[in-house]
Amino acid sequence: MSAENGTNHLYLIDGSGYIFRAYHAMAYSGKPMTRADGTPVGAVFGFSNMLMKLLQDLDDNDKPTHLAVIFDTARKTFRSDIYPAYKANRPPAPEDLIPQFPLIREAVKAFGLPSIEMQGFEADDLIATYACRAREKGWQVTIVSSDKDLMQILEDGIDLFDTMKNKRTYSDGVIEKFGVGPEHVVDVQSLAGDSVDNVPGVPGIGIKTAAQLINEYGDLDTLLERAHEIKQNKRRESLIEFAEQARISRQLVTLDRNVAVEHPIDDFALTPPEPEPLIAFFESQQFRSLKVKVLQKWGQDLPKDPLSEAVETLAKEYSCVTDMAELKVWIDLAYHSGEIAVDTETTGLDPSAADLVGISLSVTPGKACYIPVGHGANGGDLLSEKPNQLAKADVIAALKPMLEDKSVLKIGQNLKYDMSIFAREGINLAPIDDTMLMSYALDAGLHGHGMDELSGIHLDITPISFKEVAGTGKNQINFSEVALDKATNYAAEDADITLRLFKVLKPRLATERVTTVYETLERPLAPVLSAMEREGIKVDVPTLQRLSNEFAVGIERLDKEIQTMAGRPFNVASPKQLGEILFEDMGLEGGKKSAKTGAWTTNVDVLEKLAADGHELPAKVMEFRQFSKLKSTYTDALVTQVNTKTGRVHTSYHMAATTTGRLSSNDPNLQNIPIRTEEGRKIRRAFVAETGNILLAADYSQIELRILAHIADIAALKKAFAAGTDIHAMTASEVFGVPIEGMDPMIRRQAKAINFGIIYGISAFGLARQLGIERKKAAHYIEAYFERFPGIRAYMDKTVEFGKEHGYVETLFGRKCHVTALSEKNPMKRGFGERAAINAPIQGTAADIIRRAMVRIPGALKDAGLTDVRMLLQVHDELVFELPEGRDADAIPLIKTVMENACAPALNLSVPLVVDCGTGHNWQEAH
DNA sequence: CCACTCACG
DNA sequence: GACGTACGTGAGTGGC
């Protein structure tokens with residue numbers, strides 16, 4: 001038997017090492033694994049699985065032509081004769097492992113592989129001997145083991161393969177571990193000893209020192225002979241005193257390469273396993289998933305047995321799971337893989353209203369299943385009868401342990417949604433990994449992070465669109481009405497693609513240095529937001545309706561007045577018609593046409609100017625617009641968003657929408673509830689606490705300016721924040737040279753605008769427009785600002801330069817914000833990119849800080865026993881809570897502490913963070 | 001479906 | 001010298 005290229009390749013598996021690895025891996029993975037008769041089989045399973053994987057995974061280059069599994073025998077070996085203490089402090093094998101030793105040898109036989117052991121020798125000696133024999137014949141050798149002792153026999157043509165870590169070590173890789181090449185590993189080990197095996201070595205010398213000494217003196221004998229030359233007293237005396245002990249150690253660690261082994265290596269020729277004995281063995285051990293794997297790989301010609309039908313469906317790319325036995329196979333596969341892609345199909349997009357329709361799973365790329373549980377549930381007119389499907393309660397009960405098991409990683413795309421759906425079924429989905437969030441941590445600003453887009457970018461696959469299965473527009477049907485074969489193709493593909501995306505994105509996290517961002521700011525936030533969304537906030541519908549009526553009256557009155565003034569009827573809500581009235585009919589000055597459509601601009605800025613010139617109609621239009629905005633967007637829209645089951649509104653936070661790390665809120669957007677005008681602010685009175693409860697609003701004071709002070713290292717700003725002085729007044733006094741005491745509010749207002757302008761990447765034009773002053777004057781202010789705080793300009797220049805070089809800028813917590821516009825040729829677009837680059841680290845760091853606080857708050861509340869305090873909303877620099885009346889005295893200090901210390905320990909901000917808290921029965925009062 | 005406008009931080 | 005500008009969002013409306 002020889003490989004096509006003529007070189008034989010011998011694999012020597014360190015069976016004993018793998019028994020312990022398999023035992024411990026299984027022991028820590030959750031529940032102990034036993035057969036129905038109570039025999040523990042965790043290690044047998046782990047071992048068998050490892051062999052399966054090894055036989056399946058090796059690609060053609062590394063394909064073994066010969067293979068043997070080598071075991072230790074009893075503990076007594078020639079080494080214990082030399083040194084009785086050798087391996088004497090090893091604890092005895094765990095009780096539940098002992099009955100598994102013979103089973104593992106049976107497993108090896110079932111695979112049709114040679115199982116080798118020899119009285120008086122350790123597996124390592126046999127491995128060393130066989131490896132040398134194979135090398136003498138010019139064969140390649142791979143030793144499958146995680147035991148570093150075997151590194152001493154590595155050379156050209158012999159490598160060490162740790163399948164648990166999927167890491168291969170070649171002879172030149174030994175130096176990383178031992179500081180010397182394979183030929184001196186024994187010398188180093190003789191000096192350093194090994195506490196696990198009770199190899200004494202020389203006291204006070206570890207691997208580092210040993211390697212240094214061997215490199216200096218050449219080998220152990222030379223070193224021991226010349227030990228008296230060593231300068232360090234302690235080391236010298238140690239080496240002299242314990243020279244003999246080092247020599248004994250060498251005998252213990254040196255592998256015997258000349259054991260009189262019984263089998264010639266030609267006996268180890270590898271043939272594919274016979275499926276029958278393997279299946280029989282797996283059946284006897286009740287390893288269903290392994291049996292399935294064997295059937296899939298080698299079982300084509302086997303006669304069908306009762307399970308093989310299930311297996312056949314499973315062997316298809318995408319299968320529809322409609323019986324329990326099949327579902328259990330998938331659950332087994334999940335446990336044994338440790339990773340499973342999960343996706344849910346529901347009746348709608350709103351997780352607090354949608355019901356579960358089906359679940360899809362994938363463990364191997366290209367293979368996935370769909371488990372329908374709610375098809376035909378919605379009226380069912382389109383389906384003549386309910387399709388054959390498992391009962392939802394049974395599926396949930398069967399999946400729950402796996403979906404909650406800490407040893408099985410659940411992989412999904414936007415899992416926050418699925419977590420919310422599962423939470424309503426009593427399942428706490430954990431632990432999770434989210435491909436959308438990985439993409440966001442890696443590529444924010446480069447493209448969107450929806451599954452279809454990621455699939456196109458990374459996999460070059462266009463998934464079946466939802467429209468294709470559910471139709472579009474008026475003809476769109478609910479997913480629960482989609483026929484099972486169509487639903488399966490669509491849903492299973494989603495799980496499949498998610499798993500494939502995971503395989504692409506996960507390794508990039510480490511290589512592109514965003515693991516910390518993902519692990520601290522993204523992944524742990526999903527469950528927190530899921531809980532907030534499910535909590536919702538109560539809105540008082542009568543209050544909104546009263547306001548709506550108030551606004552309606554105003555709108556109607558203004559509409560009439562405006563049309564009368566215009567002299568002809570027109571739609572006041574139409575910017576186009578309004579523009580024609582203002583700038584054509586009335587012939588007013590100061591009209592501007594938009595660049596894109598050439599339509600008249602009629603925004604507030606324009607209307608304000610016209611109003612300032614004494615025109616009444618534009619002023620009335622402004623009022624009209626305010627009322628209609630408040631009515632249509634808030635009072636009327638919000639009442640339709642109240643969930644009928646909970647009586648509350650449940651927003652949805654988008655975790656991967658912005659380029660800076662901020663969240664966004666939609667359906668409804670609760671991050672833009674009016675506050676700036678008196679009329680608008682009234683809407684906040686409708687956001688209320690449940691009877692007996694209050695709302696608590698906690699907001700960061702001036703967080704972005706504080707971050708700016710830190711990042712740009714502005715001493716004057718930092719000092720002002722440390723002292724707690726009015727920061728806008730301070731700016732005014734610096735820029736305009738006026739005393740803080742008795743300052744004109746107008747001056748302070750201007751300084752405030754400058755401060756904000758700086759954060760946004762100021763331009764004279766923008767500041768002039770904001771303040772309604774001349775551009776020259778604005779430019780002058782900016783110049784004065786830069787002179788007073790020179791760090792600002794340095795920060796801006798540095799940031800833009802970094803952004804142009806790397807294509808992204810970073811927050812203080814390492815979040816990358818890609819700014820593609822920085823490389824634009826068009827100066828206007830590039831300027832846009834430059835301002836975005838200046839702003840992103842500031843806005844993004846603030847976003848990171850509140851994310852950190854949000855991740856910590858639920859645990860902090862729980863630890864403090866404040867389980868009745870619920871976090872409801874996030875509005876960029878503010879968190880809103882609901883809590884029982886009287887609990888605020890406990891809650892406020894805790895929430896303040898967590899929020900104000902959210903940077904620690906990752907970052908020591910050089911300005912204090914300050915959080916202001918307010919409470920009330922509604923959001924307006926709390927603010 | 002896009003453009004415009006405007007609500008928030 | 002001309003670009004025509006503050007940073008980040010989501011939602012409702014009109015009009016093609």
Side-chain angles (χ1 to χ4, degrees), chain A residues 444-445 570-579 592-607 621-622 624-638 640-641 651-654 657-677 679-681 683-684 699-700 702-704 708 753-771 775 778 782 809 817 819 821 824-844 846-847 850 873-878 927:
Chain A
F570 77 105
N571 185 352
V572 183
S574 162
K576 184 169 174 275
Q577 294 181 32
L578 177 66
K592 272 188 302 186
K593 291 198 173 181
S594 80
K596 274 212 172 103
T597 59
W600 294 105
T601 304
T602 66
N603 63 26
V604 264
D605 282 7
V606 174
L607 298 185
V621 171
M622 285 162 55
F624 172 92
R625 281 196 178 156
Q626 194 197 2
F627 282 136
S628 35
K629 176 80 175 180
L630 294 176
K631 181 169 186 293
S632 67
T633 308
Y634 299 102
T635 59
D636 292 357
L638 269 174
T640 71
Q641 304 260 18
T651 185
S652 171
Y653 289 100
H654 199 334
T658 72
T659 50
T660 56
R662 270 194 181 178
L663 301 176
S664 78
S665 154
N666 58 27
D667 295 304
N669 182 355
L670 295 186
Q671 290 182 323
N672 71 347
I673 302 303
I675 192 167
R676 290 173 185 170
T677 68
E679 285 301 311
R681 192 190 296 243
I683 289 165
R684 293 197 172 220
D699 67 288
Y700 283 107
Q702 311 281 11
I703 188 165
E704 293 194 356
L708 174 73
I754 297 173
N755 276 334
F756 277 106
I758 295 290
I759 290 171
Y760 296 149
I762 203 157
S763 78
F765 184 93
L767 182 64
R769 205 180 59 127
Q770 179 68 28
L771 288 177
R775 196 162 143 184
I782 294 169
V809 291
C817 311
V819 186
E824 277 282 347
K825 270 191 289 206
N826 179 325
M828 186 192 87
K829 290 181 181 168
R830 194 170 60 244
F832 187 75
E834 286 169 359
R835 292 191 296 275
I838 290 165
N839 172 257
I842 302 167
Q843 189 184 109
I850 198 164
L873 301 177
Q874 190 249 42
V875 194
H876 308 308
D877 63 358
E878 171 187 6
H927 220 277

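Bounding nucleotides for the chain A contact on DNA chain C, 5' to 3', at a heavy-atom distance below 4.0 Å, are dC3(C) to dC16(C).
A847(A) comes within 4.0 angstrom of nothing in the nucleic acid, heavy atoms only. Within the 4.0 angstrom heavy-atom criterion, only backbone atoms of the sugar-phosphate kind lie near A637(A); the bases stay farther away. Among the protein residues, F765(A) comes within range of the nucleic acid bases, having at least one heavy atom under 4.0 Å from a base atom. Among the heavy atoms of the strands, none lies under 4.0 Å from S628(A). No contact: A837(A) has no heavy atom under 4.0 Å from any strand. Nucleic acid contact class of S763(A) (heavy atoms, under 4.0 Å, all strands): base. As judged by a 4.0 angstrom heavy-atom cut-off over every strand, R775(A) is placed among the base-contacting residues. Residue G757(A) is classed as a base contact, given a heavy-atom separation below 4.0 Å to a base. Contact annotation for N826(A): no contact, since no heavy-atom pair falls under 4.0 Å across all strands.
Spacing between dC1(B) and dA6(C) at atom C1', rounded to whole Å, works out to 28 Å. Nucleotides dC4(B) and dG4(C) are separated by 14 Å at their P atoms, to the nearest Å. Taking atom P in both dC3(C) and dC8(B), one finds a spacing of 34 Å when rounded to whole Å. Here, dA3(B) and dT5(C) have their P atoms 14 Å apart, quoted to the whole Å.
Among residues two or more places apart in sequence or in another chain, the salt bridge (Lys or Arg N to Asp or Glu O under 4.0 Å) test is passed with R684(A) by none. Residues satisfying the side-chain hydrogen bond (donor to acceptor under 3.5 Å, both in side chains) criterion with T640(A), sequence neighbours excluded, are absent altogether. Remark: K576(A) engages E580(A) in a salt bridge (Lys or Arg N to Asp or Glu O under 4.0 Å) (not counting sequence neighbours).
Side-chain atoms of L630(A) and T635(A), non-hydrogen and from C-beta on, never get closer than 4.5 Å to each other. Residues L638(A) and L670(A) have side chains in contact (heavy-atom distance under 4.5 Å, counting atoms from C-beta outward). With contacts defined as side-chain heavy-atom distances shorter than 4.5 Å, the pair L767(A)/F756(A) does not qualify. For the pair F832(A)/V819(A), no side-chain contact is recorded, criterion being any heavy-atom separation below 4.5 Å from C-beta on.
Checked options R625(A), K592(A), Q577(A); the residue passing with T602(A) is R625(A) (criterion: side-chain hydrogen bond (donor to acceptor under 3.5 Å, both in side chains)).
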Give DNA chain C the dot-bracket treatment, 5' to 3': Watson-Crick (N1-N3 with N6-O4 or O6-N4) or G-U (N1-O2, O6-N3) under 3.5 Å, [ ] crossing, | other strand.
......|||||||||.

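Between the side chain of T651(A) and the main chain of N666(A), a donor-acceptor pair closer than 3.5 Å is present. When atom types are taken as modelled, the side chain of Y760(A) and the backbone of G766(A) share no donor-acceptor pair closer than 3.5 angstrom.
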Nucleotides 4-9 of chain B: protein proximity per nucleotide (B base, S sugar-phosphate only, - neither; heavy atom, under 4.0 Å):
SSBBBB

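Each of F756(A) and K576(A) was assigned the nucleotide of DNA chain C with the nearest heavy atom; the assignment lying further toward the 5' end belongs to F756(A).
Nearest approach of L578(A) to F570(A), heavy atoms of both residues: CA-CE1, 3.9 Å.
Distance check, rounded to the nearest 0.5 Å: CG of D636(A) to NZ of K631(A) gives 4.0 Å.
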